[in-house]
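Below, chains carry the letters A, B, ... as their sequence lines are ordered, and counting in each starts from 1.
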Amino acid sequence: MSSILCDREKPACGGQPVSDVASNKTIFALVDCNNFYVSCERVFNPNLEGVPVVVLSNNDGCIISRSNEAKALGIKMAVPFFEVRDLIEQANVRVYSANFTLYGDMSRRVIHTLAQFTPEREIYSIDEVFLNLSGFERAGLSDYARQIVATVKKWTGIPISIGIAPTKTLAKLANKQAKKRPELKGVMDWSALPDPEERLAQIEVGEIWGIGPSGERRLKSWGIETAHKLRQADDQWILKRMGIVGQRILLELRGISCLPLEMVRSPRKSVLCSRSFGRAVEKLNELKEAVAEFTSQAAETLREDRLSAKHLTVFCITRPHSEQARTHSSTVELPVATDSTPELIRYALREAEKIFFADGRFKKAGVVFSGLVPTEEVQTDIFDGKNRGSAGKLMQALDEVNARLGSGALRFAAAGLLQSWRMKSSRRSPRCTTRWNELLEAKTIA
DNA sequence: TCTGGGGTCCTAGGACCC
DNA sequence: TCTGGGGTCCTAGGACCC
């Protein structure tokens with residue numbers, strides 16, 4: 001902290017190792033897939049072009065992706081489905097349940113295509129990648145970016161937008177502008193603006209990356225309503241009121257990069273699997289079934305990353321979205337970190353029993369693994385007495401079978417067979433790119 | 001009636017120690 | 001009357017992101 005206060009020249013980046021981050025002359029380009037999930041659905045169903053389309057979250061709960069036509073109807077992001085159901089029926093909006101298997105695969109294709117254009121990339125999320133375009137100035141940054149837009153569209157079918165700027169925060173803003181203004185053809189270079197100050201004055205603070213609803217309320221209460229005003233604010237004053245996060249945003253708006261391009265993904269710190277139930281769960285054995293299922297799924301993720309967990313938390317939520325909504329949780333420290341599903345299930349079920357209470361109506365539950373260590377570095381205990389080698393082989397065999405026959409082909413009995421608490425997902429499109437039996441079919445009409 | 005899921009980072013406050 | 005102070009570690013909860 002003190003280094004930030006004393007040394008204004010030094011950006012408040014935190015301690016990334018030099019080799020993992022790009023040089024300080026990074027030219028950030030944020031690639032963002034337009035309406036990503038909807039665009040994925042359109043790739044395999046061209047009838048969806050030009051008509052309003054939305055994609056729903058798990059459990060068919062909220063709207064999580066909207067086509068431009070759906071946005072124009074006034075359907076807001078993250079709004080509960082039931083609130084807009086009438087509007088959706090009236091306007092004949094096409095509705096899809098989320099198909100994350102398909103979206104994940106399409107994301108990999110986009111990233112692979114981007115790799116043709118620059119070696120320095122940070123995969124930020126399923127639909128966003130930061131690139132370093134430093135070294136491509138001679139080609140003309142905007143021209144080069146338009147070439148990227150055209151290639152990604154041609155090779156994957158996914159439309160993207162690119163914002164270019166000296167910091168990530170400005171690149172985010174540039175990207176928004178690129179989406180808003182069709183005449184920019186999907187690309188905006190912030191540095192090429194004749195009057196960036198004026199542009200910042202038109203942007204509300206709530207639109208800035210990192211300023212959420214609470215930050216927006218506080219800033220506005222101090223009379224800071226636009227990105228321009230925040231940029232002009234005293235950074236020490238902001239530091240005192242909004243902490244290091246607020247100060248970083250302010251500096252980034254001034255063009256001082258505080259958030260480097262992180263090309264190496266930092267190791268994950270936790271694995272979580274949770275679901276809302278399709279209906280309220282009231283029986284202990286159903287809660288235990290669900291907890292066993294979530295544990296088994298999260299353990300699969302652990303093994304994919306070759307990690308073992310030292311701590312396990314089980315939580316459940318009773319009656320959310322109401323005044324009595326409560327989270328109950330219980331954490332156990334394992335004697336030896338593990339990635340073995342049956343062992344983890346044993347501990348998880350014990351915690352589930354602790355948090356269960358009669359008369360509870362459970363709406364959601366989940367399992368969190370933390371204290372993650374690489375499996376080959378696990379500290380064993382001489383009094384452990386478990387044959388960890390054979391447990392490892394069993395898990396490997398299980399993962400191989402499930403990889404070949406589809407996730408869930410081999411399951412643990414503790415997770416139950418009926419799983420009547422399972423969520424709704426009634427409108428899912430076929431997993432065209434990852435399931436043989438859901439391949440797209442071409443039909444000839446006689 | 002019906003409101004996602006998976007993550008990270010930061011801060012405040014309590015416990016504890018010397 | 002008046003009850004230290006500084007440091008570390010841990011945890012819970014808030015805020016934010018996509």
inquiry  = salt bridge (Lys or Arg N to Asp or Glu O under 4.0 Å) for A:K354 and A:E351? Distances and angles first, verdict last.
reply    = CA-CA 5 Å; A:K354 284 188 203 162; A:E351 298 312 295; 3.1 Å; yes
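- For B:dG6, the OP1/OP2 oxygens have a side-chain nitrogen or oxygen of A:S274 closer than 4.0 Å.
- Here A:L56 lies out of heavy-atom contact (under 4.0 Å) with every strand.
- In this structure, CG of A:N175 is placed 10 Å from P of C:dC18, rounded to the nearest angstrom.
- One finds a side-chain N or O of A:S276 lying less than 4.0 angstrom from the OP1 or OP2 phosphate oxygen of B:dG5.
- A:R268 has a side-chain polar atom (N or O) that falls below the 4.0 Å cut-off from OP1 or OP2 of B:dG7.
- Looking at heavy-atom distances under 4.0 Å, A:G215 makes contact with sugar-phosphate atoms alone, never a base.
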task = Let me see the working for A:R94 and A:E69 under salt bridge (Lys or Arg N to Asp or Glu O under 4.0 Å), right down to the final yes or no.
result = CA-CA 11 Å; A:R94 316 300 199 274; A:E69 299 79 7; over 6 Å; no
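- Judged by the 6.0 Å and 45° rule, A:R218 forms no cation-pi pair with A:W222.
- Across all strands shown, C:dG5 is found opposite B:dC18 as a Watson-Crick or G-U wobble partner, with both distances under 3.5 Å.
- Here B:dT3 is the nucleotide among C:dC16, B:dG7, B:dT3 with the atom lying nearest to any side-chain atom of A:K363.
- Using bins of under 30°, 30° to 60° and over 60° for the plane-to-plane angle, the ring pair A:F130/A:W209 lands in the tilted bin.
- Out of B:dC2, C:dC17, B:dT3, the shortest distance to the side chain of A:R85 is found at B:dC2.
- C:dC16 and B:dG4: their C1' atoms are spaced 16 Å apart (whole Å).
- In this structure, A:K153 and A:V149 have side chains that are not in contact, with every pair of non-hydrogen atoms separated by 4.5 Å or more.
- Within 4.0 Å (heavy atoms only), A:S270 reaches sugar-phosphate atoms of the nucleic acid but no base atom.
- Nucleic acid contact class of A:V79 (heavy atoms, under 4.0 Å, all strands): none.
- In this structure, the nucleotide among B:dC10, B:dG6, B:dT3 sitting nearest to the side chain of A:C62 is B:dT3.
- Between the side chains of A:E333 and A:Y347, not a single donor N or O lies within less than 3.5 Å of an accepting N or O.
- Using a 4.0 Å cut-off, some side-chain N or O of A:R248 falls inside it from OP1 or OP2 of B:dC10.
- Of the candidate nucleotides B:dC10, C:dC18, B:dG6, C:dC18 has the atom nearest to the side chain of A:D127.
- Taking side-chain N and O atoms only, A:R218 has no distance below 4.0 Å to OP1 or OP2 of C:dA15.
- A:I208 comes within contact range of the sugar-phosphate backbone alone, with a heavy-atom separation under 4.0 Å but no base atom that close.
- Closest to the side chain of A:P80, from the set B:dT3, B:dG5, B:dG7, is B:dT3.
- Regarding contacts with the backbone of B:dT3, every side-chain N or O of A:K364 stays at 4.0 angstrom or more from both OP1 and OP2.
- The listed nucleotides are B:dG6, B:dG4, B:dC9; the one nearest the side chain of A:K269 is B:dC9.
- Within 4.0 Å of A:E83, counting heavy atoms only, lies no atom of the nucleic acid at all.
- Distances were taken from every side-chain heavy atom of A:V245 (C-beta onward) to each of B:dC10, B:dG6, B:dG4; the shortest belongs to B:dC10.
- Residue contacts for A:Y124: at a heavy-atom cut-off of 4.0 Å it reaches the sugar-phosphate backbone alone, with no base atom in range.
- Going from atom CG of A:L239 over to atom P of B:dC10 covers 13 Å, rounded to whole Å.
- Distance from the side chain of A:I244 is smallest to B:dT11 among C:dC17, B:dT11, B:dG7.
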